[in-house]
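Structure, as structure tokens:
Lettering of chains follows the sequences in order, A, B, ..., and the numbering in each one begins at 1. Owing to the predicted nature of the structure, the values given are computational and were not obtained by experimental measurement. Values reported hereafter were calculated over all heavy atoms of this structure, with side chains retained and with hydrogens, waters and symmetry mates removed.
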Amino acid sequence: MRDVRSDFPILHREVHGHRLVYLDSAATTQKPRQVIDAIVEYYSSLNANVHRGAYDLAVRATEAYEAVRAEVATFVGAPDPNGVIFVRGTTEAINLVASSLGRVRVQKGDTIVVTAMEHHSNLIPWQLLAEAREAHLVMVELTADWQIDLAGYRRALERSPKIVTFTHVSNVLGTINPVADLTRLAHDAGAVVLVDGAQAVPHMPVNVAALDADFYVFSGHKMLAPMGIGALIGKPALLDAMPPYQGGGEMIRTVHDTSATYAPLPHKFEAGTPNVEGAVGLGAAIRYLDALGMDEVAAHERALARYALERLATIDALTLYGPAGDRAGVVSFTLADIHPHDLATIVDSEGVAIRAGHHCAQPLMRRLDVAATARATFYVYNTREDVDALVAALEKARTLFGYAHA
Amino acid sequence: MRDVRSDFPILHREVHGHRLVYLDSAATTQKPRQVIDAIVEYYSSLNANVHRGAYDLAVRATEAYEAVRAEVATFVGAPDPNGVIFVRGTTEAINLVASSLGRVRVQKGDTIVVTAMEHHSNLIPWQLLAEAREAHLVMVELTADWQIDLAGYRRALERSPKIVTFTHVSNVLGTINPVADLTRLAHDAGAVVLVDGAQAVPHMPVNVAALDADFYVFSGHKMLAPMGIGALIGKPALLDAMPPYQGGGEMIRTVHDTSATYAPLPHKFEAGTPNVEGAVGLGAAIRYLDALGMDEVAAHERALARYALERLATIDALTLYGPAGDRAGVVSFTLADIHPHDLATIVDSEGVAIRAGHHCAQPLMRRLDVAATARATFYVYNTREDVDALVAALEKARTLFGYAHA
Amino acid sequence: MPDGDASGLTELYQELILDHYRRPRNQGSLEAYTRRVALANPTCGDELELDLLLDGDTIADVRFSGHGCSISQASASMMTQLIKGKKVAEARALAVRFNEMLHGSAEAARDKSLGEARALAGVAKFPVRVKCALLGWNALEESTRSQP
Amino acid sequence: MPDGDASGLTELYQELILDHYRRPRNQGSLEAYTRRVALANPTCGDELELDLLLDGDTIADVRFSGHGCSISQASASMMTQLIKGKKVAEARALAVRFNEMLHGSAEAARDKSLGEARALAGVAKFPVRVKCALLGWNALEESTRSQP
Ligand SMILES: Cc1ncc(COP(=O)(O)O)c(C=O)c1O
Ligand SMILES: Cc1ncc(COP(=O)(O)O)c(C=O)c1O
């Protein structure tokens with residue numbers, strides 16, 4: 001993959017007198033000039049509210065917005081742009097499905113299946129749904145190699161769950177789940193499947209049609225796009241049958257004083273003024289990633305992850321978490337008795353930005369038997385030098401905490 | 001007020017060979033350089049996910065985000081920044097309250113009061129709530145001068161409604177409602193009050209503490225800020241007692257496998273990665289408006305509205321809608337038998353952007369006895385020349401439709 | 001205020017279209033109908049109801065009601081003129097043709113079988129108004145979908 | 001890897017703090033307690049439980065448990081040393097003082113009454129870590145709020 005660092009203005013800023021080594025892309029990514037420019041251009045020449053204006057600007061803003069819907073569909077292999085719902089991000093997409101589908105599909109005593117590696121955003125909405133409907137929430141455990149335990153998964157499916165949900169890629173372990181297989185099994189058990197693609201779509205080619213997930217969700221801000229935009233990809237037949245989520249402008253057909261009928265897809269699920277800027281920025285991000293090639297992006301990150309795992313393994317008393325084999329560009333670790341927050345503070349003083357904490361995955365933390373880990377994640381703009389800088393900064397942490405230099 | 005047009009890049013673009021005369025700010029506003037620059041600066045030097053990072057960027061992004069919360073509180077006179085919840089916009093804010101408060105406060109047979117001048121965004125969520133809880137939705141009618149009918153309002157309050165909601169300013173009529181009085185009456189009747197401030201906060205000084213509304217909501221994109229950001233201002237005691245709305249990252253305290261406890265305000269209601277860019281842009285917009293002075297902004301718009309009403313009244317067969325007295329910078333009209341969409345298309349060819357349609361207020365349209373109106377709305381960047389351009393373009397429409405020149 | 005019609009406005013609001021707008025043909029409802037479909041354009045609020053009386057596979061009578069802009073009303077009016085007495089399959093073929101014209105096909109715009117509806121070719125220059133011109137035709141499409 | 005400590009790191013991770021982190025004083029729980037408060041820092045997941053045994057208005061005994069970074073653990077440890085045997089009002093006054101120090105008050109940082117906790121003055125340079133240093137003190141504040 002070509003060196004893209006020059007496209008990212010923020011990477012040329014200094015942090016504490018060091019160049020910024022940004023290793024927290026799983027939390028949010030930095031933005032290339034191309035995306036920033038698209039935002040500026042949008043507000044400088046195109047901005048208007050969509051879907052309601054007969055004038056030139058409004059027409060062009062609407063066209064731009066709807067064009068991105070089609071681009072998103074193509075990018076993730078969704079057969080029908082009407083099944084692409086713009087949302088704020090992954091969290092909102094999951095809440096939309098849990099709330100709207102959940103209300104009609106899940107009844108008292110029913111089962112919902114999640115896994116022990118979910119991000120809180122793919123857990124709490126189902127907890128809330130289970131509580132509201134008096135349904136059972138079953139959490140599938142993980143194997144010793146930090147994969148979804150298939151035997152446990154099959155056992156859970158024997159309960160004929162109404163909804164099964166799992167992440168495509170773990171934001172802590174880097175585990176890449178066999179989505180197509182898991183989905184097929186769940187479908188055989190009669191379940192509807194939602195896949196949390198927040199850590200997949202930015203990092204590898206994804207084809208939702210091939211995966212056959214009923215719902216697939218992701219965030220723009222984790223894939224070079226602006227904050228405040230993301231997508232829910234749903235099978236139109238399912239979305240069609242679901243009650244509306246939020247009510248308001250744009251999502252209606254005819255409004256009477258005390259009742260209303262709703263617009264067809266996708267607008268039924270897009271109440272209120274949407275984030276057109278965000279969509280336009282997402283379009284620019286998709287074009288940027290497409291130009292790089294998602295296969296290349298994936299290869300670049302996995303190579304970096306491999307290199308990082310190798311280098312980190314040489315550090316004394318460093319513990320790595322995650323599967324031994326293939327994994328995404330996510331590396332979680334702890335170092336001796338140095339708490340991850342202390343690690344993050346120390347490496348930050350060298351310009352290295354890593355995340356420390358529970359990564360919104362407390363159930364997984366308990367299974368890892370830690371309260372927190374440090375985590376480095378890689379994206380298109382990271383290099384082997386970034387990994388080297390991390391390793392050097394970790395050595396500094398060891399020294400500060402009184403460990404002998406390796 | 002100083003001439004601000006030069007701050008708005010989009011106003012220097014041409015539309016169909018004419019300068020852009022943007023008269024649709026009630027739908028969404030254009031953005032000054034200062035706001036666009038704040039976005040660019042954010043992504044070029046500050047971007048990170050908030051609340052979860054121990055590194056420099058994340059700290060600064062979090063500080064920037066939380067600083068805007070305090071700025072919003074100050075701007076609208078909210079006593080406590082913890083009662084400021086960032087949302088996508090007005091629509092989401094209303095859905096949040098209807099869904100979360102509604103679930104605990106409204107039971108079978110209870111009453112919810114709305115008015116006949118609400119935007120669909122302040123109607124559909126209450127329709128959905130009333131339907132879900134088998135509650136009654138009562139719509140207060142308007143007077144012949146397009147004010148909320150106080151006698152009808154008092155009658156509705158005799159039903160001891162659980163929730164009363166109304167708009168501060170009508171997006172069709174320009175009516176400015178006596179919010180403090182309406183709120184006091186509703187409180188006396190034991191109701192909780194939500195005020196839709198979408199058309200007020202951008203256009204006049206607002207002090208929610210003085211109004212005493214329990215919830216007050218507005219959108220950033222209608223006040224020079226980016227799309228995808230807005231605020232729910234709530235009394236902390238009420239918000240505290242409400243169940244969460246969306247579940248996910250950021251809004252939790254401790255997460256167990258099948259249950260969780262939630263974070264204190266304001267984070268309890270901000271699940272998932274928030275739109276930090278949007279908040280930063282909103283901060284820039286608030287500083288821009290503060291520098292102009294909200295009293296000056298209001299005076300500027302009302303003067304323009306008066307001038308527009310005067311000039312439009314001279315056009316033959318033009319019908320104006322709305323109150324005779326004081327009104328906001330919103331002017332709705334129809335012209336002879338020319339359908340508003342045709343009007344919008346024709347004036348657009350002269351560079352004049354107005355809105356035509358039901359303005360997301362179908363119940364009001366039925367009371368106006370029209371299916372649609374044309375609407376011109378004014379903001380800080382509009383001038384008397386803009387009004388003149390509109391009037392000239394309307395004369396062209398008359399000619400095209402075969403009416404004699406006035 | 002003549003402007004040489006670079007904007008296409010004079011073509012859009014030509015005499016014939018305004019005439020159909022102001023004196024719509026076949027307006028109203030049928031006492032006896034075989035098909036009734038109501039469509040709305042939620043973004044602008046235009047509403048249209050189309051009644052068809054079928055005699056075998058022939059459209060024996062047709063009426064439309066509702067409200068909307070000059071384009072949607074004139075287009076619906078012209079459509080009713082055109083399809084009355086036609087076979088359902090012919091009418092549906094015209095709908096396809098009309099659609100092509102509105103999406104810029106010059107060839108379709110020359111197709112005499114579209115009759116007066118060809119006056120609406122200029123709508124293609126106003127993308128946001130295309131929906132208006134199609135409202136009646138979409139109602140026809142929907143009301144005859146299950147009909148051979 | 002000495003760096004003259006422009007970053008303040010050496011001060012942050014000085015011997016005394018690491019010592020309290022590794023050998024926390026008064027760690028554990030009390031069999032008999034008057035007050036028990038559990039606090040968490042949801043953004044980083046630090047958790048702390050504080051037990052107080054009151055004898056009248058005197059803190060007769062104190063223990064803390066939980067987990068977290070060196071700063072939160074060391075700070076809680078130092079706090080327990082400091083408040084044991086003090087009157088509740090005195091302890092609360094120390095909490096106010098400590099807060100001032102963490103918000104940059106040089107005067108508070110010189111206040112001998114803060115004892116070893118003064119070693120944490122350097123945390124003020126790391127805004128995101130201030131919450132960590134305050135966790136134990138906040139628990140104290142909360143558990144003694146209703147106490148005169
Ligand atoms: C009075 C009023 N309420 C609510 C809204 C909805 O705001 P938004 O679309 O930003 O959610 C609008 C504007 O569209 C409005 O004018
Ligand atoms: C796997 C996973 N799911 C969901 C989310 C939540 O995404 P967002 O915060 O953009 O809604 C994240 C990231 O925070 C994630 O990594």
Q. Contact part of B/Met251 toward chain A, heavy-atom cut-off under 4.5 Å: side chain, backbone, both or neither?
A. side chain

Q. Taking all atoms of both residues into account, what is the closest heavy-atom pair of B/Met227 and A/Ala48, and its distance?
A. CE-O, 3.7 Å

Q. Highest number of heavy-atom pairs under 4.5 Å with chain A: which of B/Ala344, B/Ala27, B/Ser219?
A. B/Ala27

(Q) Using heavy-atom distances under 4.5 Å, tell me whether B/Glu14 contacts chain A through its side chain, its backbone, both, or neither. (A) neither

Q. Mind checking whether B/Asn275 and A/Asn275 have side chains closer than 4.5 Å, heavy atoms only?
A. yes

Q: Heavy-atom distances under 4.5 Å only: say whether A/Leu343 touches chain B with side chain, backbone, both or neither.
A: neither

Q. Can you say whether A/Pro274 sits under 4.5 Å from chain B via the side chain, the backbone, both, or neither, judging by heavy atoms?
A. backbone

**Q.** ring pair (Phe, Tyr, Trp, His ring centres under 6.0 Å) partners of B/His119, counting only residues at least two apart
**A.** none

**Q.** Region of A/Arg60 in contact with chain B, defined by heavy-atom distances below 4.5 Å
**A.** neither

Q) Which answer fits B/Leu11, side chain, backbone, both or neither, if we ask what part of it has an atom under 4.5 Å from a heavy atom of chain A? A) neither

**Q.** For B/His120, ring pair (Phe, Tyr, Trp, His ring centres under 6.0 Å) partners two or more places apart
**A.** B/His358

Q) Which atoms of B/Arg103 come close to chain A, meaning under 4.5 Å heavy atom to heavy atom: side chain ones, backbone ones, both, or neither? A) neither

**Q.** Residue, of A/Thr28, A/Asn95, A/Thr91, that accumulates the most heavy atom pairs under 4.5 Å with chain B
**A.** A/Asn95

Q.
Nearest 0.5 angstrom please: A/Glu92 CD to B/Tyr245 OH, how far?
A. 7.0 Å

(Q) With a 3.5 Å distance limit and no angle check, can you tell me whether A/Gln246 reaches the backbone of B/Pro125 through a side-chain donor-acceptor pair? (A) no

**Q.** chain B interface, residue from A/Val15, A/Ile36, A/Asn47 that has the most non-hydrogen pairs under 4.5 Å
**A.** A/Asn47

Q | Proximal component of B/Val87, with respect to chain A [non-hydrogen, under 4.5 Å] | A | backbone

Q: Counting only heavy atoms closer than 4.5 Å, note whether A/Leu20 contacts chain B via side chain, backbone, both or neither.
A: side chain

Q: Check step by step if side-chain contact (heavy atoms from CB on, under 4.5 Å) holds for A/Ile10 and B/Leu57.
A: CA-CA 10 Å; A/Ile10 204 170; B/Leu57 268 186; 4.1 Å; yes

Q.
At a heavy-atom distance under 4.5 Å, which candidate from A/Gly351, A/Ser121, A/Ala58, A/Gly278 has the highest pair count against chain B?
A. A/Ser121

(Q) Shorter than 4.5 Å, heavy atoms on both sides: which option in A/Ile39, A/Asp56, A/Leu128, A/Val114 has the most such pairs with chain B? (A) A/Asp56

Q: Give the minimum heavy-atom separation between A/Arg253 and B/Gln362, together with the two atoms involved.
A: O-NE2, 3.5 Å

Q. B/Ile229 versus chain A, heavy atoms under 4.5 Å apart: side chain, backbone, both or neither?
A. neither

**Q.** Nearest-0.5 Å distance that lies between atom CD in A/Glu250 and atom SG in B/Cys360
**A.** 6.0 Å

Q: Quick one: which of B/Asp348, B/Val352, B/Val255 has the most heavy-atom pairs under 4.5 Å with chain A, could you say?
A: B/Val255

Q) Which residue out of B/Val59, B/Thr345, B/Thr254, B/Asp37 racks up the most heavy-atom pairs below 4.5 Å with chain A? A) B/Thr254

Q | Contact winner vs chain B - A/Ala54, A/Ala98, A/Ser44, heavy-atom pairs under 4.5 Å | A | A/Ser44

Q: Decide side-chain contact (heavy atoms from CB on, under 4.5 Å) for A/Arg367 and B/Asp257; before the verdict, give the C-alpha distance in whole Å, the side-chain angles of both, and the deciding distance to 0.1 Å.
A: CA-CA 11 Å; A/Arg367 285 156 177 89; B/Asp257 289 3; 2.6 Å; yes

Q: Would you mind checking which part of B/Ala116 comes under 4.5 Å of any heavy atom in chain A, side chain (CB onward), backbone (N, CA, C, O), both or neither?
A: neither

Q | chain A contact via B/His16 - which portion, at a heavy-atom distance below 4.5 Å | A | side chain

**Q.** Engaged part of B/Thr29 at the chain A interface, taking heavy atoms whose separation is under 4.5 Å
**A.** backbone

Q | Atom group of B/Ala356 that falls short of 4.5 Å from chain A, counting heavy atoms | A | backbone

**Q.** Contacting moiety of B/His256, where chain A heavy atoms sit under 4.5 Å
**A.** both

Q) Where do B/Gly247 and A/Ile124 come nearest, in terms of heavy atoms and distance? A) CA-CG2, 3.7 Å

Q | Structural part of B/Leu137 lying under 4.5 Å from a heavy atom of chain A | A | both

**Q.** Winner by heavy-atom pair count (cut-off under 4.5 Å) against chain B, out of A/Ile252, A/Val347, A/Asn122
**A.** A/Ile252

Q: Under 4.5 Å heavy-atom distance to chain A, tell me which part of B/Arg88 shows up: side chain, backbone, both or neither.
A: both

Q: Could you go through the side-chain contact (heavy atoms from CB on, under 4.5 Å) check for B/His221 and A/Val276 one step at a time?
A: CA-CA 10 Å; B/His221 71 96; A/Val276 185; over 6 Å; no

Q: I would like to know whether A/Tyr43 and B/Gln30 meet side-chain contact (heavy atoms from CB on, under 4.5 Å); could you show each step before the answer?
A: CA-CA 7 Å; A/Tyr43 284 130; B/Gln30 298 306 338; 5.9 Å; no

